[in-house]
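Keep in mind the model is a prediction, meaning the values are calculated, not measured. Letters A, B, ... are given to chains in the order of the sequence lines, protein chains preceding strands, and every chain is numbered from 1.
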Amino acid sequence: MSILEDLNPPQRAAVATVEGPLLILAGPGSGKTRVIAHRIAYLVDVAGVEPWRIVAVTFTNKAAREMRSRVEAHLGDGARELVLGTFHAICARLLRVEAERIGLSRSFNIFDDADQMALMKRVVTELGIDTKRFKERALLSAISRAKSELRTAEECARSTADYFQELTARCYERYDELLAENGALDFDDLIMKTVEMLRDSNWIREKYQDRFLHVLVDEFQDTNVAQYQLARLFAGKHGNICVVGDPDQSIYSWRSADIRNILDFERDFPQARIVLLEQNYRSTQTILDAAHAVIAGSKERKQRSLWTDRGAGEPIVAYEAYDGEEEASFVAHEIQTLVDAGHGLSDFAVMYRTNAQSRAIEEALMAAGIPYQIVGGTRFYERREIKDLLAYLRLVQNPFDVVSFTRVVNVPGRGIGAKTVAELERWAKELEVPVYTALQLLAEQEKGRSTTTSERHPIAPRQAKALVAFMQLLDDLIAVSAKNSLSTLLDAVIGRTAYRRYIFAEADADGSGADEDAEERWANVGELQNVVSGYDGIAPEAALIRFLEEVALISDADTVAEQGEATTARVTLITLHSAKGLEYPVVFMTAMEEGVLPHIRSFDDQLQLEEERRLCYVGMTRAKERLYLIRAFRRYGMGVSQHAPPSRFLHDIPPSLVVQRSPVRDEAAAVERGPQRLREAIAARRELPSSPPDGGIEAGARVRHATFGDGVVVSCVPDRDDYVVTIAFKGGAGIKKLMLSMTSLELV
DNA sequence: ATACACGCGCTTTTT
DNA sequence: GCGCGTGTAT
């Protein structure tokens, strides 16, 4: 039985326990992905289960692709028939198959974040909601939370505890109505509608329960209530449900992920077998010990351990830079040093808490000539030109999509302003028909036909003419789509709208420098044509549906270059959230400061603080060989520069695992930065009270710093919840004065 | 209808 | 320090 051969005993149990419910608690680097792939192969090869009877859910599309290719290694072409994907992708597929039976259009569009916002804007305007007090974002996320707990608008309306909830319920109802009118579903709908479908239709439920003999869910700690219900529904008949997760890596509670699912699983399936994977094959013992020290600070955590036989390895490097800029250049410099020592560029990942932090790192890497890739950030499919063209394609698939309609009805400009659109919408509402239907009526009237059957439209002749032309364009495109490849359709969109001319004409109007921008945007259009050509083998109608679906469900993490992929080697820049599930030989975690990690918005909530801690743990456990924990002494935020105290998580790491470094140790940098620090220290002394503050250190006191050695205090001033102390140190080249955090000092 | 200028609010994390 | 949205001028 070659499938079980190179597995350790718990892994083997996880693979070969075929019948009944199974909970696998898998620590970071414990070979979880491998176990799942082997398990699927085992089910097929040894237990004789047909691949199409297995449904496996992953967290990202990339994980699904990876899983499929791993299973392929065992099963060959049989892997094709597996139902394998994210919850969202699998649900979208099922809903399309069953669409007619549940009163859904088969060509529904999937609304992404921006589409949802656009729709919500309409809702709040319609309902006259004060968006100063109640943000669309907040209302949307309340609705999303409700949907992820399978609560309908009606149910929300029945139990409102305060005004915000009442408002949410009202918005929810209207928002859903608008989605339906637009022939669209949002992300949460994909899950919720599938659950409702399986719950309400005995026939459909039995069909899938009979079909799915085995259900697997990866990253179970990050599923929400609706997703868990769905998994249970799938497994409702045979009860062969296997979930894999790690409560310590639960970092998506803000997206309604619910750790309680793990506890509920044990309750819902009391006979469940539990397997613990605790041997780590990824990191050095030093990295594991440090990560463990951080996560052990978490309350209400079941004691678990993690071990490796890989040896201690390099100590962790803790680096205090002066500011964000210096932090970034340290990263660049360090990467260069390690590259010179033989590392490849793809060995490195720089991780940060917020996307905004990537900027500084990016600039430093660029200046150093180090190639990099940013995961997430401004995504390709969020570029204006791409969204425009996608909106045309979406209109072709579903002309009732008002969000896409308003986006491109006047792009490129064709004399149809907001007022005209509003007029058209009002008329449509009056006739109680969708906007697209109103447009068709208007076109007929303009052609002089059937003026008697409906009320005369209120649009001025010139605008009416423009609208008719737009509808003609749309209808032509729909005709093209019926019997041509996706490429031909996209080319038709670009050609018929003169999109290239539009891009360059817009650049001209803007003035200097914009030409490059236009070139880049046109290149993006070319890239989209490239992507689309990958769908040309598929039948025209199916190709459009599939392409739009895949684009809608694409995620940040999906854009990480896969290992062994034939691209040029690059350093990876990535958020801690997106980094989950990945590993790199060398990891830099930046901005290890109070307010960033943990993030300031989590300060007043114990549960959120715990999640920040887990986020830190996730980041640390990505590292295989070397881990850098970097912070800056002062950092810019919202226009001002402030002193940033070190992250509380750093204090949890035993000092014996860490080597402290700072620019003064790295002498070249010290010479450069010394005078600037001194200037700022003097400036600070002028602005702030100079008397020794309560709880501070008297001027003249002798202190010790881990990096700089012994020194004498020049001044000590309060700065937020710490003191900034200016100290004169005896350095090799005379006396240096530095500003430091008081917490980093020791009195001697 | 389009173009530009100013002011406000804000920044977690994303399928 | 920035992007977005609103308001005003052409």
* Hey, is Phe87(A) stacking on dT15(B)? Ring centres under 5.5 Å, planes under 30°. -> no
* N or O in side chain of Ser578(A) less than 4.0 angstrom from dT13(B) OP1/OP2 -> no
* Among dA1(B), dT13(B), dC10(B), find the nucleotide with the atom closest to the side chain of Lys419(A). => dA1(B)
* Asked: Do you see a donor-acceptor pair shorter than 3.5 Å between the side chains of Glu611(A) and Ser253(A)?
  -> yes
* Measure from CD on Glu219(A) to C1' on dT14(B) and round the result to the nearest Å. => 14 Å
* Look at the side chain of Lys135(A) and decide which nucleotide, out of dT15(B), dT11(B), dC10(B), has an atom nearest to it. => dC10(B)
* Expressed in angstrom and rounded to an integer, what is the separation of Asn224(A) atom CG from dT15(B) atom C1'? -> 10 Å
* Asked: From the list dT14(B), dT2(B), dA1(B), which nucleotide is the closest neighbour of the side chain of Tyr252(A)?
  -> dT14(B)
* Is the phosphate of dT14(B), meaning OP1 or OP2, less than 4.0 Å from a side-chain N or O of Thr575(A)? -> yes
* Sequence neighbours excluded, which residues qualify as salt bridge (charged side-chain N to carboxylate O under 4.0 Å, His left out) partners of Asp605(A)? -> none
* For dA1(B), does OP1 or OP2 lie under 4.0 Å from any side-chain N or O of Thr420(A)? -> yes
* At under 4.0 Å, does any side-chain N or O of Lys580(A) touch on OP1 or OP2 of dT14(B)? -> no
* **Protein-nucleotide distance (Tyr352(A), atom OH; dT13(B), atom P), rounded to Å** => 10 Å
* Asked: Counting any heavy atom closer than 4.0 Å, what does Gln608(A) reach on the DNA or RNA strands: base, sugar-phosphate only, or nothing?
  -> base
* To do: Take the protein atom CG of Leu607(A) and the nucleotide atom P of dT13(B), then report the distance between them rounded to whole Å.
  => 21 Å
* Tell me which of Ser602(A) and Thr86(A) sits closer to the 5' end of DNA chain B, going by the nucleotide each one is nearest to. => Ser602(A)
* To do: Figure out the NE2/C1' separation between His88(A) and dT14(B), and round it to whole Å.
  => 10 Å
* For His577(A), what residues pass the ring-ring contact (aromatic ring centres under 6.0 Å, His included) criterion, not counting sequence neighbours? -> Tyr252(A), Trp254(A)
* Establish, with yes or no, whether the OP1 or OP2 oxygen of dG5(C) is under 4.0 angstrom from a side-chain nitrogen or oxygen of Lys121(A). => yes
* To do: Describe the nucleic acid contact of Ser141(A) in one word from base, sugar-phosphate, nothing, applying a heavy-atom distance below 4.0 Å.
  => nothing
* Asked: Once you round it to whole Å, what is the distance between C1' of dT2(B) and CG of Asn410(A)?
  -> 10 Å
* For Leu573(A) and dT13(B), what is the distance between atoms CG and P respectively, to the nearest whole Å? -> 14 Å
* Can any side-chain N or O of Glu610(A) pair as donor or acceptor with the backbone N or O of Ser298(A) at less than 3.5 Å? -> no
* Relative to the ring of His457(A), is the ring of Trp427(A) parallel (under 30°), tilted (30 to 60°) or perpendicular (over 60°)? -> perpendicular
* Asked: Rounding to a whole Å, what distance do you find between Ile143(A):CD1 and dT15(B):C1'?
  -> 17 Å
* Can a side chain N or O of Asn355(A) be found less than 4.0 Å away from OP1 or OP2 on dT13(B)? -> yes
* Lys465(A)/Glu446(A) salt bridge by N-O under 4.0 Å criterion -> no
* Asked: NA contact type, Asp188(A), heavy-atom cut-off 4.0 Å: base, sugar-phosphate, or nothing?
  -> nothing
* More 5' along DNA chain B: Leu615(A) or Gln463(A), using each one's nearest nucleotide? -> Gln463(A)
